[in-house]
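First listed ligand is number 1; within each ligand, the first listed atom is number 1. Index from 1, following the sequence.
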Amino acid sequence: MEPLIITVAPVGAELTLRDTPHLPHTPQLLGETASRCREAGASIIHVHCRTDDGDNTQEVVRFGAALEAIRVAGDLIVQFTTGGAIGMTPEQRAAPLLLRPEMATLTCGTVNFGDDIFENSFPVMRAILGEMKKHGVKPELEIFDAGHISNAKRLVEEGHLAFPQHFDFVLGVKGALDASVEHLVDLVRELPEGCTWSVAGIGRMQLPLAAVAVAMGGHVRVGLEDNIYYERGRLATNEELVARVARIAAELGRPVASPTAAREILGLPAMTAA
Ligand code: KMH
Ligand code: ZN
């Protein structure tokens, strides 16, 4: 089986330092987390940025500092969020792309998001994809709901994207598709030939869906953005969540991809020396 790509999503936009003290909310903490997660088996880091006070920000300067800190820490593939936080404009969400991270997320449709609406209309998706193309950034297509795969196919028909692509199934957001093995299997069946995928289960479904993805030949996203507990009543650190998936992979005889191997699997150019 193909080596397993483990993505760490260490901070996200929804949780606060009151929920867990382990959120790496500054560039320095993100760099340190990147280094520990690389050691534990991660090959991609999905980046949201916060201010020193922990508020969400898409400021280019802050993403620049995060990128630099992660680069100093090692060779992880850096994937910026373009989802940002509820209430941000599409322009704010896309702004950090001018720093040319290797990857960035593109959520493939509007969904309820708790009591809010996470808006990703076709004009928003086309605009963000246009910025990615302009800056040479590889998208990761975020699928929160079954219809989002159909939306991605429509973006291909319109000429804004070409398959194969890398997908990430974010399952268990309140207001979108529930996290279940059945849903995951159905979604994987819908993927066009040659596409790669990972799964990010929300909350307590992070671990079982990760284990299933390892066995199915998919890839895995873990981290505090999606789940803050290691087990009931015990807060996790990002590196612990990564290390647990790496151990599951080892038990199942599946090698864990280095960032170099992950770049090959995803069709990204090899990293050049700075
Ligand atoms: N914070 C959510 C509204 C992404 O990073 O691309 C969107 C999100 C998706 O986290
Ligand atoms: Zn995110």
>> So, using ring-ring contact (aromatic ring centres under 6.0 Å, His included) as the criterion, who are the partners of Phe63 when residues are at least two apart?
In response: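 Partners of Phe63 under the ring-ring contact (aromatic ring centres under 6.0 Å, His included) test: Phe80.
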
How far does [atom1] of [X] sit from [atom2] of [Y], to the nearest 0.5 angstrom?
X      : Y      : atom1 : atom2 : answer
Ser258 : Ile5   : OG    : CD1   : 9.5 Å
Arg254 : Leu4   : CZ    : CG    : 4.5 Å
Ile44  : Leu268 : CD1   : CG    : 8.0 Å

> What residues form a side-chain contact (heavy atoms from CB on, under 4.5 Å) with Asp186, not counting sequence neighbours?
Replying inline: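 Asp186: side-chain contact (heavy atoms from CB on, under 4.5 Å) contacts with Arg189.
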
> Should the ring pair His48 and His46 be called parallel, tilted or perpendicular, given that the plane angle runs from 0 to 90° and is split at 30 and 60?
Replying inline: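 His48 and His46: perpendicular rings.
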
Among [options], closest by any non-hydrogen atom to [atom]:
atom                   : options               : answer
atom 6 (O) of ligand 1 : Thr105, Asn56, Val173 : Thr105
atom 8 (C) of ligand 1 : His46, Glu14, His48   : His48
atom 1 (N) of ligand 1 : Gly83, Gly84, Ala85   : Gly84

>> Starting from atom 4 (C) of ligand 1, what is the nearest protein heavy atom, named by residue and atom, and what distance separates them?
In response: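 Answer, as residue, atom name and distance: Thr81 OG1, 3.2 Å.
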
>> Looking only at protein heavy atoms, which one is nearest to atom 7 (C) of ligand 1, and what is the separation?
In response: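 Atom 7 (C) of ligand 1 sits closest to the protein heavy atom Phe118 CZ, 3.4 Å.
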
>> At a threshold of 2.8 Å, where the distance has to be below it, does the Zn ion (ligand 2) have an N, O or S atom of Glu225 nearby?
In response: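 Looking at Glu225, which is the residue asked about, there is an N, O or S atom under 2.8 Å from the Zn ion (ligand 2).
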
> Between Ser198 and Asp168, is there a donor-acceptor pair closer than 3.5 Å when you use the side chain of the first and the backbone of the second?
Replying inline: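 No; zero donor-acceptor contacts below 3.5 Å.
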
Subset of ligand 1 atoms that lie under 4.0 Å from at least one heavy atom of [X]:
X      : answer
Ala13  : 1 (N)
Glu225 : 10 (O)
Phe113 : 2 (C), 3 (C)

